[in-house]
Amino acid sequence: HYEGAQVDEIARRLRDEARMLGLIRHRAVVGVNSLVPLRDGWGVVMEYIAGTDLSTIIKQARPNEGVSIEIVEEIAAALDSAYNGSLGPDGKPLRLIHRDIKPANVRITRQGEVKLLDFGVATAELESREAADNNGLLIGSARYMAPERRTGEETHQADVFALGVVLANLLTGKRFKEPPVDPARHSRWLGTVLETVRKSMETSDDPDVRQAAARVRLLLLEMLAFDLHDRPDARTVEKGCRRIRKSLPPPWMRDWADRTVPRLLESQPQAVDDSETEAGYVFEEMPS
């Protein structure tokens, strides 16, 4: 809308989001049609996605391990496409970093499609970008924030870190504390995450799930590494998920979604879980 103290910054971010999304072509990224003036402001006209957000799914109908791995595989593919596979007007990779990967920003359709939403705080190597990347602020959701982001370092591996937390959420149904910025405390935090995942998978009635637990924990160990240089890129995560999925039992994503998503859509109106903060983001002054 046209009123408010931050209206200019909001408008710039909206226009940037429309431009960036217009350059990305991937099945797991919400499509954008146009940026249009409205009576009371501006709007981005996007693809309509009839589905349920992942935060609701985790709370009410948490999928099996195989479907969880498929969801993360698709998100990883979208992140790789945004960073490496999409080109800017200059013909160079867009190098887009989402910066707010979390369950509330992922939607699942009845057809088993995975859609990554909300690129409003994304950053990219785009010459026509209007909004400043930070303006001295730290932007994102605290529970999914990689340690280096607390000091203003924005990397593709930070999105991979956040996706690792989402995978742990899916496998356990639990939300974890904010990742610490101290290496020793981070190690204890990571140990808690991995142990929670181990207990969840190794107590499964299915022997294939129990056998896959070690490989899943190794993938998470790499995705949630304190040092960003120790983390894989999204393409490597995608391939790792595909290998793990082959050994896990059905149902498959398409069948699971066909049974589950319509029931969730009928049971309640859609509401995004942004309980980390009032608006779903952390806006903090950057440390000096």
Side-chain angles (χ1 to χ4, degrees), residues 27-30 46-76 78 98 100-118 140-145 162-178 192-206 208-210 212-213 216 220 223-224 241 244-245 248-281:
R27 62 184 179 272
V29 175
V30 60
M46 294 183 179
E47 168 191 13
Y48 176 68
I49 302 168
T52 305
D53 68 83
L54 199 54
S55 60
T56 298
I57 288 172
I58 292 173
K59 289 179 179 179
Q60 299 190 19
R62 186 163 59 90
N64 72 327
E65 291 80 4
V67 170
S68 298
I69 291 291
E70 284 188 68
I71 292 171
V72 170
E73 178 185 341
E74 276 290 280
I75 301 172
H98 187 281
D100 198 27
I101 301 297
K102 60 181 179 181
N105 284 340
V106 178
R107 182 157 289 194
I108 309 296
T109 73
R110 176 176 180 169
Q111 291 74 34
E113 299 170 303
V114 179
K115 294 288 186 177
L116 182 58
L117 314 177
D118 197 354
S141 299
R143 292 179 186 271
Y144 302 88
M145 193 172 288
L163 184 56
V165 181
V166 172
L167 176 55
N169 293 158
L170 277 163
L171 292 171
T172 66
K174 299 184 182 300
R175 298 174 72 187
F176 298 94
K177 295 180 179 180
E178 296 177 19
T192 298
V193 173
L194 294 178
E195 179 62 12
T196 306
V197 171
R198 183 194 68 78
K199 287 180 178 179
S200 179
M201 295 188 70
E202 291 187 355
T203 56
S204 171
D205 294 332
D206 194 299
D208 291 333
V209 173
R210 297 196 298 270
V216 172
L220 280 171
M223 294 177 72
L224 299 176
C241 287
I244 293 171
R245 180 62 181 104
L248 290 169
W252 297 89
M253 179 71 175
R254 177 69 174 84
D255 299 326
W256 174 87
D258 188 50
R259 292 196 306 265
T260 307
V261 173
R263 173 169 54 84
L264 291 175
L265 288 173
E266 292 172 1
S267 66
Q268 63 176 25
Q270 292 300 288
V272 173
D273 175 16
D274 277 339
S275 57
E276 281 89 0
T277 64
E278 182 179 353
Y281 303 126

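Note that the structure is a prediction, hence the values are computed from the model and not measured.
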Heavy-atom distance under 4.5 Å between the side chains of [X] and [Y], does that happen here?
X    : Y    : value
I108 : V114 : yes
D206 : L248 : no
V166 : I101 : yes
L116 : V30  : no
P63  : E70  : no
V165 : R143 : no

If you take all heavy atoms of [X] and [Y], which pair is closest and at what distance?
X    : Y    : value
S141 : K102 : OG-NZ, 3.0 Å
V193 : A168 : CG1-CB, 3.7 Å
C241 : E73  : CB-CB, 3.7 Å
L264 : S267 : O-OG, 3.0 Å
I58  : G173 : CG2-CA, 4.0 Å
R62  : L170 : CD-O, 3.1 Å

> Which residues satisfy the side-chain hydrogen bond (donor to acceptor under 3.5 Å, both in side chains) test with D258, sequence neighbours excluded?
Replying inline: R110
>> Restricting to side-chain hydrogen bond (donor to acceptor under 3.5 Å, both in side chains), what partner residues turn up for N64, sequence neighbours left out?
In response: none
Does [Y] offer a backbone N or O that forms a donor-acceptor pair with the side chain of [X] under 3.5 Å?
X    : Y    : answer
E65  : V209 : no
R210 : A213 : no
S68  : L171 : no
T260 : A257 : no
T196 : T192 : yes
N169 : K174 : yes
R107 : A50  : no
K115 : R27  : yes

Rounded distance (nearest 0.5 Å) linking atom [atom1] of [X] with atom [atom2] of [Y]:
X    : Y    : atom1 : atom2 : answer
I71  : L167 : CD1   : CG    : 10.0 Å
L117 : H98  : CG    : NE2   : 7.5 Å
T172 : E195 : OG1   : CD    : 12.0 Å
I75  : L163 : CD1   : CG    : 5.5 Å

> Under 3.5 Å, is there a donor-acceptor pair between the Y144 and N105 side chains?
Replying inline: no
>> Checking I49 against T109 for the side chain to side chain contact (heavy atoms under 4.5 Å, CB included) test, could you report, in this order, the C-alpha distance in whole Å, the side-chain angles of both residues, the deciding distance, and whether it holds?
In response: CA-CA 7 Å; I49 302 168; T109 73; 3.5 Å; yes
